[in-house]
Amino acid sequence: MPLRLYNTLSGEKELFVPREPGKVGMYVCGVTVYDYCHIGHARAGIVFDMIYRYLLHSGYGVTYVRNYTDIDDKIINRANREGTDYRAVADRYIAAFDEDMERLGLKKPTVEPKATDHIADIIGIVQSLIDKGHAYEAGGDVYFAVESFPSYLKLSKRNLEDMLAGARVEVGEKKKHPMDFALWKSSKPEEPWWESPWGRGRPGWHIECSAMSMRFLGPSFDIHGGGKDLVFPHHENEIAQSEGANCCRFVTYWMHNGFVNINSEKMSKSLGNFFTIRDVLQLFDPETLRFFILSAHYRSPLDYSDQNLLEARSGLTRIHEALANLDVVLAAPAGDVVPPSAAELAEKAATLADRFREAMDDDFNTAQALGCVFDTVRTLNRTLAESAMPDAATREVLAVLRGAIDDIGEVLGLFRQSSASWLAAREAEKAQGLTVSAEEIERLIAERAEARKNKNFARSDEIRDYLLSKNVQLLDTPGGTTWQVK
RNA sequence: GGCGACGUAGCCAAGUGGUAAGGCAGAGGUCUGCAAAACCUUUAUUCAGCGGUUCAAAUCCGCUCGUCGCCUCCA
């Protein structure tokens, strides 16, 4: 089944047909670097990383561009507040962004351009828009004339009249139409500036994305993505600028991820109800956050809460435990037991890759894809429970299954480290608050073993209850007693 | 006010015309000296409500209610 994806422009799922067979040009709006990133940024980053990985996995040659907007009012304001240079602020948060994204396991895009490295391109486009009658200069500023572009608002499906009715529109500016937006802003004193045909100034917001996408992907390319909140005005304005300047279709497929909510309300800077990626990674490991984000379809709203993250961690733990057990069996030699569930397991192993692909081909349905994984894990657990040393044929099926899960993990950016070490890391985290030493626990386990041998179950249970009160859970196995932090 | 999205079990979440995936939590069972852990089984005659189209609807259409988003910087 071929890939279908939801296109914001048409409002429908469409068959994905790249402009050039086998190749994909994809541009995703990165961040304006004036502060630490919050979970909303994490979601956008992870979602498009997953899409990038899946396109690569599907055999496409992908040119993936994700920009940094490093010149903007908010950056300048912050620099002024701190008494530093805008460059210092931008560089600091670029570094922070890179660090956060790396921790979340994002693959590096093909190119990560910065707006300030493309000022000449920006000026060129602005000039071209003026030449074509789509823009005009007014007192050192340059504005895009929205009325010169008839299909303006085609992405957000509105019209100028509706936008004006009841909207907050500042009057008295140099704009000819209230909806006109700035392509170039003359610089005030104390502000960074570049020379331009209209005097010293700096780019407006939106134009940098037109410039950078054009530079690296050409005037027309396949996929443009970003958060839902960018549909208007950012992407709408990009379309107007790019199509106005190049006179050809800018983007074929527009993709937008849904918001992260807090108590069903959008998380945002202006509402002040946001958590930074750093905050969350204090409490949860990066893979849990990534798993949580991919457990919902990318266009659905996603409610963030500790409770939901804890549930995600439980689910992820279930998968890792199964994989860790699988790895143990694969490391051991084959036995001669044919587990009763062998045939069912063989069927699941053989179809897993196809079921995964089917889910992903349907507009990157990662929630369903993870459902396929869990479904397989259930059968896997049964087989593993039936025999710790299955026969050679079953062992081979297990190896195939392991390979399929590795492939899935590569696409979703999950299960990248060994399950045993992931589980050990979680145990270590929990052990931080422990008030009994490992030596003490081992001593008590030995004492309890002795008591059990003598059928002194009172003492045995006393030890177990005591350790449990210290958050230490004893695990009796045929091979002896181990423990874990509760 | 204009435009748009969503409403599936206690919770999270797939499913967009053919008779409700999966996870968490819960309940039974296997195992155990008893437990725990693990594993197995199980949990929605029903998809906000009301009408309509259809042989067939959670899925399409209309209305009502509720929640949220965009219209201003925002992933």
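These numbers were taken from a predicted model, which means no experiment stands behind them. Residue numbering restarts at 1 for every chain, and letters A, B, ... go by the order of the sequence lines.
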**Q** Between E287(A) and R290(A) (salt bridge meaning N to carboxylate O under 4.0 Å), is one present in this structure?
**A** no
**Q** Remember a base hit wins even if backbone is also touched, and classify G11(A) as base, sugar-phosphate or nothing at under 4.0 Å, heavy atoms.
**A** nothing
**Q** Honestly, is K266(A) close enough over F259(A), meaning NZ or CZ under 6.0 Å from the six-membered ring centre and within 45° of the axis?
**A** yes
**Q** If you measure from the C1' atom in rC47(B) to the same atom in rA13(B), how many Å do you get, rounded?
**A** 13 Å
**Q** Mark yes or no: R313(A) above the aromatic ring of F284(A), with NZ or CZ under 6.0 Å from the six-membered ring centre and no more than 45 degrees from the axis.
**A**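 Relative to the ring axis of F284(A), which defines the angle, R313(A) lies outside at least one limit.
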**Q** Answer with base, sugar-phosphate or nothing: what part of the nucleic acid does A296(A) contact at a heavy-atom distance below 4.0 Å?
**A** sugar-phosphate
**Q** If you compare every side-chain N and O of K266(A) against the phosphate oxygens of rC70(B) (OP1, OP2), does one of them come in below 4.0 Å?
**A**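 Answer is yes, contact under 4.0 Å.
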**Q** Take the protein atom CG of L302(A) and the nucleotide atom C1' of rA13(B), then report the distance between them rounded to whole Å.
**A**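 From L302(A) CG to rA13(B) C1': 10 Å.
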**Q** Go nucleotide by nucleotide along RNA chain B from the 5' end; which of T379(A) and K157(A) gets its closest nucleotide reached first?
**A** K157(A)
**Q** Under 4.0 Å between a side-chain N or O of R378(A) and OP1 or OP2 of rC39(B)?
**A**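 Checking rC39(B) against R378(A), no side-chain N or O comes under 4.0 Å of OP1 or OP2.
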**Q** Using a strict threshold of under 4.0 Å (side-chain N to carboxylate O), is an ion pair present between E344(A) and R382(A)?
**A**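 A salt bridge links R382(A) with E344(A).
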**Q** Answer with base, sugar-phosphate or nothing: what part of the nucleic acid does L230(A) contact at a heavy-atom distance below 4.0 Å?
**A**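 It contacts sugar-phosphate atoms only.
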**Q** Mind checking whether H256(A) and H235(A) have parallel, tilted or perpendicular rings, split at 30° and 60°?
**A** tilted
**Q** Establish, with yes or no, whether the OP1 or OP2 oxygen of rA14(B) is under 4.0 angstrom from a side-chain nitrogen or oxygen of N365(A).
**A**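 For rA14(B), neither OP1 nor OP2 has a side-chain N or O of N365(A) closer than 4.0 Å.
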**Q** Which part of the nucleic acid does G227(A) contact within heavy-atom distance under 4.0 Å: base, sugar-phosphate only, or nothing?
**A**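 Sugar-phosphate contact only - G227(A) comes under 4.0 Å of backbone atoms but never of a base.
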**Q** Using purine N1 to pyrimidine N3 plus N6-O4 or O6-N4 for Watson-Crick, or N1-O2 and O6-N3 for G-U wobble, each under 3.5 Å, what pairs with rC34(B)?
**A** none
**Q** So what's rG7(B) paired with, Watson-Crick or G-U wobble, going by both distances under 3.5 Å?
**A** rC65(B)
**Q** Just call it for N261(A): base, sugar-phosphate, or nothing, with non-hydrogen atoms closer than 4.0 Å on any strand.
**A**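 Nothing: the residue N261(A), judged by heavy atoms under 4.0 Å, touches no strand.
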**Q** With heavy atoms under 4.0 Å as the rule, sort H38(A) into base, sugar-phosphate or nothing.
**A**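 The answer is base, as H38(A) lies within the cut-off (heavy atoms under 4.0 Å) of a base atom.
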**Q** Can you tell me the base-pairing partner of rU42(B)? Count Watson-Crick or G-U wobble geometry only, both distances below 3.5 Å, and say none if there is no partner.
**A**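 Base-paired to rG26(B).
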**Q** Establish, with yes or no, whether the OP1 or OP2 oxygen of rG66(B) is under 4.0 angstrom from a side-chain nitrogen or oxygen of S264(A).
**A**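 The answer is no; no side-chain N or O of S264(A) sits under 4.0 Å from OP1 or OP2.
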**Q** In whole angstrom, what separates L384(A)'s CG from rC31(B)'s P?
**A**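 One finds 20 Å between P of rC31(B) and CG of L384(A), rounded.
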**Q** Using Watson-Crick or G-U wobble geometry with both distances under 3.5 Å, which nucleotide pairs with rC70(B)?
**A** rG2(B)
**Q** So F259(A), base contact, sugar-phosphate only, or nothing? Heavy-atom distance under 4.0 Å.
**A**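 Base, at least one base heavy atom under 4.0 Å.
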**Q** So G315(A), base contact, sugar-phosphate only, or nothing? Heavy-atom distance under 4.0 Å.
**A** sugar-phosphate
**Q** Among rG22(B), rA75(B), rC34(B), which is the nearest nucleotide to the side chain of D476(A)?
**A**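 Closest nucleotide to the D476(A) side chain: rC34(B).
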**Q** For a quick check of understanding: with a heavy-atom distance under 4.0 Å over all strands, which category does V260(A) fall into, base, sugar-phosphate or nothing?
**A** base
**Q** Quickly work out the L155(A) CG to rG4(B) C1' distance and round it to whole Å.
**A** 12 Å
**Q** Regarding R158(A), tell me which of base, sugar-phosphate or nothing describes its non-hydrogen contacts under 4.0 Å with the strands shown.
**A**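 R158(A): base contact, heavy atoms under 4.0 Å.
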**Q** Distance criterion of 3.5 Å, no angle test: do you see the side chain of S460(A) paired donor-to-acceptor with the base of rG33(B)?
**A** yes
**Q** Nearest of rC12(B), rA75(B), rC34(B) to any side-chain atom of N308(A)?
**A** rC12(B)
**Q** For Y253(A) and F16(A), take the angle between the two ring planes, folded into 0 to 90°, and tell me which bin it lands in: parallel under 30, tilted 30 to 60, perpendicular over 60.
**A**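 The rings of Y253(A) and F16(A) sit tilted, inter-plane angle from 30° to 60°.
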**Q** Given rU41(B), rC34(B), rA13(B), identify the nucleotide with an atom nearest to the side chain of A367(A).
**A**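 The closest nucleotide is rA13(B).
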**Q** Which listed nucleotide (rA75(B), rA37(B), rC71(B)) is nearest to the side chain of L475(A)?
**A** rA37(B)
**Q** May F457(A) be described as stacking on the base of rG33(B), applying a 5.5 Å centroid limit and a 30° limit on plane angle?
**A**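 Stack criterion met.
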**Q** Is S268(A) touching bases, backbone alone, or none of the nucleic acid, heavy atoms closer than 4.0 Å?
**A** base
**Q** Think R318(A) has a side-chain N or O under 4.0 angstrom from the OP1 or OP2 of rG23(B)?
**A**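 For rG23(B), OP1/OP2 do have a side-chain N/O of R318(A) under 4.0 Å.
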**Q** Heavy atoms from C-beta onward define the side chain here; which of rA35(B), rG22(B), rC24(B) lies closest to that of R464(A)?
**A**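 Looking only at heavy atoms from C-beta outward on R464(A), the closest nucleotide is rA35(B).
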**Q** Go nucleotide by nucleotide along RNA chain B from the 5' end; which of G226(A) and A385(A) gets its closest nucleotide reached first?
**A** A385(A)
**Q** Is it the case that R66(A) places NZ or CZ above or below the six-membered ring of F48(A), under 6.0 angstrom from the centre and within 45 degrees of the axis?
**A**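 No.
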**Q** With heavy atoms under 4.0 Å as the rule, sort N381(A) into base, sugar-phosphate or nothing.
**A**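 Sugar-phosphate only.
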**Q** Does rU54(B) have a Watson-Crick or wobble mate here (both distances under 3.5 Å), and if so which one?
**A**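 In the structure as shown, rU54(B) has no Watson-Crick or wobble partner.
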**Q** If you check the D362(A) side chain, which of rC34(B), rA75(B), rU16(B) turns out closest?
**A** rU16(B)
**Q** Please give the nucleotide sitting opposite rA21(B) as a Watson-Crick or G-U wobble pair, both distances under 3.5 Å, or none.
**A**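 Paired with no nucleotide.
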**Q** Hey, are R78(A) and E82(A) close enough for a salt bridge, meaning a charged N less than 4.0 Å from a carboxylate O?
**A** yes
